[in-house]
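Inspection log for the structure reproduced underneath, given as structure tokens.
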There are 2 protein chains.
Amino acid sequence: MDGRMPMEGRGPLAATPTLAEDVVAAGYQPDTEDGVCPVRDVLDRLGDAWSVLVIRHLDLGPARFNALRRAIGGISQRMLAQTLRKLERDGLASRTVFPTTPPQVEYALTDLGQSFSAHLARLAQWAALHQPAIRASRRRYDVAQGDDKER
Amino acid sequence: MDGRMPMEGRGPLAATPTLAEDVVAAGYQPDTEDGVCPVRDVLDRLGDAWSVLVIRHLDLGPARFNALRRAIGGISQRMLAQTLRKLERDGLASRTVFPTTPPQVEYALTDLGQSFSAHLARLAQWAALHQPAIRASRRRYDVAQGDDKER
DNA sequence: CTGCATCCACATCGATACTG
DNA sequence: CAGTATCGATGTGGATGCAG
């Protein structure tokens, strides 16, 4: 290990192909100079449940490490640190260290992060709105499957 | 195994806590009747790279299994079948079987699926728009890290 | 042509222990 | 308080082979 980059949040997806179509469909050029699709980068943050939670919590205002940890609840120290590092790396969150004793580190959303958070809110809204329909569909599907298995 | 539900695309996220804040922040009530956050369900589809790709491709029009497979390129048979099943279960895609020989199966986006696809497009647009900034931020971060390690 | 079952490599996550 | 390092359990995805 050369301890360079975290790179833990990619994994299997790293082998993913183009997705360039997404960008094209959206009216933009890919730019896969290094083989990584720009859209995938962002979408991967969404797939990461913790990133979403952390961003939305930071949207309520700056917070310190353990405050964030308590507020979210259920996130391990490891995952929080990892998530925050990723967000900082992507320029979505800022990290400010106050050289006091004990040391205090404050995290906050950057403008970019807030912009992203707004999209998350819209997405959450859509999800909440259509969730009943999705639930119902799932139930129908599962029941149908069960019947097939049964007879 | 009782062969009831696919349930393969959840895994680690299944243990995820609330995220109820997301819904609340969006102005909706949670509804974690069975411990599953409604927003998480949808967001998980986003984290799944293949779901996104498949949805966007289906948005261009209905398609058959192998046509889809070729169009996307790089997706394994297993993942495509799995992804399509999930989409069908959630009511985002429809599956129509033509009892011909050989059998033909056509997949298409439902209204719900198209609605979702529109959101994906917006997200892709945001990603493409801010991708340069994110790239730059990452480079800065990585360089800084490298320096730290070096000295 | 569609799609499921099995096997296998690998990555992730959480818990724990330790440093500054 | 704010992290990093390591370890073990679990889950995911790809390849292959077979069935309807």
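To find a chain, count down the sequence lines: A is the first, B the second, and so on, and within it residues start at 1.
Atom CZ in B:Phe65 sits about 8 Å away from atom P in C:dC4, given to the nearest Å. Going from atom CD1 of A:Ile72 over to atom P of C:dC13 covers 14 Å, rounded to whole Å. Going from atom CD of A:Gln104 over to atom P of D:dA2 covers 7 Å, rounded to whole Å. Look at CG on A:Leu84: it is 11 Å from P on D:dA2, rounded to the nearest Å. One atom, CG of B:Asp44, and another, P of D:dG11, lie 15 Å apart when rounded to the nearest Å. Here the C1' atom of nucleotide D:dT12 and the CD atom of B:Gln82 are 9 Å apart, to the nearest Å. Between B:Trp50 atom CH2 and D:dG13 atom C1' the separation is 10 Å, expressed in whole Å. Following rounding to the nearest Å, A:Asn66 (CG) and D:dT4 (C1') show an atom-to-atom distance of 15 Å.
Residue B:Phe98 is classed as having no contact, given no heavy-atom separation below 4.0 Å to the nucleic acid.
Looking at B:Arg69, its side chain never comes within 3.5 Å of a backbone N or O of B:Leu80 through a donor-acceptor pair. Not a single donor-acceptor pair under 3.5 Å links the side chain of B:Asp90 to the backbone N or O of B:Leu92.
One finds no salt bridge joining A:Arg139 and A:Asp142 here, because no Lys/Arg side-chain nitrogen approaches an Asp/Glu carboxylate oxygen to under 4.0 Å. Here A:Asp59 pairs with A:Arg56 in a salt bridge; the nearest charged N to carboxylate O distance falls below 4.0 Å.
Remark: A:Arg85 is in phosphate contact with D:dT4, judged by side-chain N or O atoms under 4.0 Å from OP1 or OP2.
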Report task. Could you run through nucleotides 15-20 of chain C and give me one letter per nucleotide, 5' to 3': B if any protein heavy atom sits under 4.0 Å from the base, S if only the sugar-phosphate is that close, - if neither? Result -> B-B--B

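Proximity of A:Arg89 to A:Lys86: side-chain heavy atoms (C-beta onward) are nowhere separated by under 4.5 Å. Between A:Val105 and A:Arg64 the shortest side-chain heavy-atom distance does not fall below 4.5 Å.
Among all heavy-atom pairs drawn from B:Ser117 and B:Ile55, the shortest one is CB-CG2, 3.7 Å.
Here D:dG3 is the nucleotide among C:dC13, C:dC1, D:dG3 with the atom lying nearest to any side-chain atom of A:Tyr107.
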